[in-house]
Amino acid sequence: METPEFHQIESDLKPAKKIEVGQSELHDVVMDYYGKRIATASSDSTIKIISVGSSNSPSKHLATLSGHQGPVWQVAWAHPKFGSVLASCGYDGRVVIWREGNANEWSQAYVLGDHKGSVNSIAWGNHELGLCLACGSSDGDISVFTLMDDGNWGTAKIDRAHPVGVTSVSWAPSMALLGSEGVRKLVSGGCDSTVKVWKLSNGVWTREGGALTMHSDWVRDVAWSPSLGKSIIASASQDGTVVIWSLKKDGDKWEGKVLNDFKTTAWRVSWSLVGNTLAVADGSNNVTLWEEAVDGEWKQVKTIEP
């Protein structure tokens, strides 16, 4: 018997709208907070800002941002409370913070160049933390940049987080919402096939517990569920599996359960806004949606084929 949640997912999946971006190979596409614009990251070293449009109006190219000297891997919109701010990272080892002044007029507000290798992943922290950006690099390090009151960026480093390369980073939900204002957490995935959880305490980032080791090949993506009720992380791997990691309470060990073996690379994992639905993109160009059933098992509720 189909659940009401399944019908809600069906109703939310509207017919596809094609948006022409006019770039070479795309590596990332991210929608802004209001769902009005998308930012794209491309192998041609550019970022494009495009209006989504509607059924009555076509999408429109708004701006092209040029500042990287190689492929751009990811883009990330900051929370709108900070204005119109976008971060990008790329093969050139740089992280660029872009700010929109007048409508569709973007400038490089900051260039953060602390890494010695490709920066593969960026993620803004929860807006309660201020402008705070985590970055994972092929040099094996994770950097966390925080905009200070004086307008400069403070930098914290997790050295040799994954010595052979960091592929992905994701923030835990805001601990301030849980009454633990001094606690910040990150999860990372790496080329060493592991997932690691990091905790900031007294100004220092340290690993919380041992490395999580259910994957047998590169971890391509990690995503911490935004749900505040429990700690859940999804990880996607080159080995074809997606693993759901759960933690009952602080001090316990993370427990992993294989969601599915896709028999091809699992590239990306993404949670719904409230953390009850997980989307998985795999090497067969399929996107599948998964939900946790009342018995604790994860069930596939939808396949979106190319």
Side-chain angles (χ1 to χ4, degrees), residues 19-33 37-51 59-79 82-125 131-147 151-155 157-158 161-162 164-171 188-191 218 220-222 267-268 281:
I19 299 176
E20 297 289 346
V21 298
Q23 286 170 291
S24 58
E25 185 177 7
L26 291 179
H27 299 291
D28 199 20
V29 178
V30 181
M31 190 171 289
D32 73 0
Y33 185 84
R37 298 180 293 179
I38 61 172
T40 66
S42 170
S43 282
D44 67 5
S45 307
T46 69
I47 297 135
K48 289 197 174 183
I49 311 297
I50 302 165
S51 68
S59 58
K60 181 181 178 181
H61 172 260
L62 302 175
T64 297
L65 313 185
S66 300
H68 286 279
Q69 299 171 353
V72 184
W73 299 134
Q74 282 192 0
V75 285
W77 294 92
H79 192 278
F82 303 109
S84 193
V85 177
L86 185 73
S88 61
C89 66
Y91 181 78
D92 58 6
R94 301 200 300 169
V95 175
V96 181
I97 310 297
W98 308 85
R99 187 179 290 276
E100 185 181 27
N102 296 326
N104 303 320
E105 294 181 2
W106 291 82
S107 62
Q108 294 185 30
Y110 307 94
V111 177
L112 309 173
D114 282 20
H115 287 284
K116 298 177 182 178
S118 171
V119 179
N120 304 315
S121 180
I122 50 176
W124 289 107
L131 271 177
C132 187
L133 186 72
C135 313
S137 171
S138 291
D139 63 14
D141 299 342
I142 296 171
S143 56
V144 181
F145 298 101
T146 304
L147 185 61
N152 294 314
W153 288 83
T155 307
K157 270 285 188 73
I158 305 174
H162 298 266
V164 291
V166 183
T167 58
S168 52
V169 290
S170 177
W171 289 87
S188 62
C191 301
W218 287 20
R220 288 294 184 177
D221 197 21
V222 290
W267 285 107
R268 297 295 295 269

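Both backbone and side-chain heavy atoms feed into the values below; hydrogens, waters and symmetry mates do not. Fair warning: this is a prediction, and the values are worked out from it, not measured in the lab.
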Atom CZ of Phe145: over 12 foreign heavy atoms under 6.0 Å: yes
Flag if over 12 foreign heavy atoms under 6.0 Å of NZ, Lys116: no
Contact summary for Val169 and Ala134, nearest pair of heavy atoms: CG2-O, 3.8 Å
Answer yes or no: is there a donor N or O on one side and an acceptor on the other, between the side chain of Thr167 and the main chain of Gly189, under 3.5 Å? yes
What is the distance from atom CD1 of Ile50 to atom OG1 of Thr40, rounded to the nearest 0.5 Å? 5.0 Å
Got a donor-acceptor contact below 3.5 angstrom from the Trp124 side chain to the His79 backbone? no
Closest contact, heavy atoms only, Ser66 versus Thr46: OG-CG2, 3.9 Å
Would you indicate whether the side-chain heavy atoms of Cys89 and Val95 approach each other to under 4.5 Å? yes
Here's a test for you: under side chain to side chain contact (heavy atoms under 4.5 Å, CB included), which of Val119, Asp141, Thr155 qualifies with Cys135? Val119
Any chance you could measure His61, atom NE2, to Ile49, atom CD1, to the nearest 0.5 Å? 8.5 Å
Within the 4.5 Å heavy-atom criterion, are His68 and Ile47 side-chain neighbours or not? yes
Value for OG1 (Thr146) from CG (Asn152), rounded to nearest 0.5 Å, stands at 12.5 Å
Rounded distance (nearest 0.5 Å) linking atom CG of Asn120 with atom NE2 of His27: 11.0 Å
Worked check of side chain to side chain contact (heavy atoms under 4.5 Å, CB included) between Trp106 and Arg99: CA-CA 6 Å; Trp106 291 82; Arg99 187 179 290 276; 5.6 Å; no
Supply the atom-to-atom distance His162 NE2 to Cys191 SG, rounded to the nearest 0.5 angstrom. 9.0 Å
Atom CD1 of Ile142 and atom OG of Ser188: how far apart are they, to the nearest 0.5 Å? 4.0 Å
If I compare all heavy atoms of Ala78 with all of Leu131, which pair ends up nearest, and what's the gap? CB-CD2, 3.8 Å
For residues Ile97 and Trp153, determine if any side-chain heavy atom of one lies less than 4.5 Å from a side-chain heavy atom of the other. yes
Do Trp77 and Ser84 pass the side chain to side chain contact (heavy atoms under 4.5 Å, CB included) test, and can you show the C-alpha distance, the side-chain angles, and the key distance before you say yes or no? CA-CA 8 Å; Trp77 294 92; Ser84 193; 4.2 Å; yes
Donor-acceptor under 3.5 Å (Ser137 side chain, Ser118 main chain): yes
For Phe82, does the CZ atom have more than 12 heavy-atom neighbours from other residues, nucleotides or ligands under 6.0 Å away? yes
Does His115 form a side chain to side chain contact (heavy atoms under 4.5 Å, CB included) with Ser143? I'd like the steps, not just the answer. CA-CA 8 Å; His115 287 284; Ser143 56; 2.6 Å; yes
Is there a donor-acceptor pair under 3.5 Å between the side chain of Gln74 and the backbone N or O of Ile122? yes
Exam field: side chain Asp28 to backbone Val75, donor-acceptor pair closer than 3.5 Å: yes
Within the side chain of Trp171, is there an N or O that forms a donor-acceptor pair under 3.5 Å with the backbone of Ala123? yes
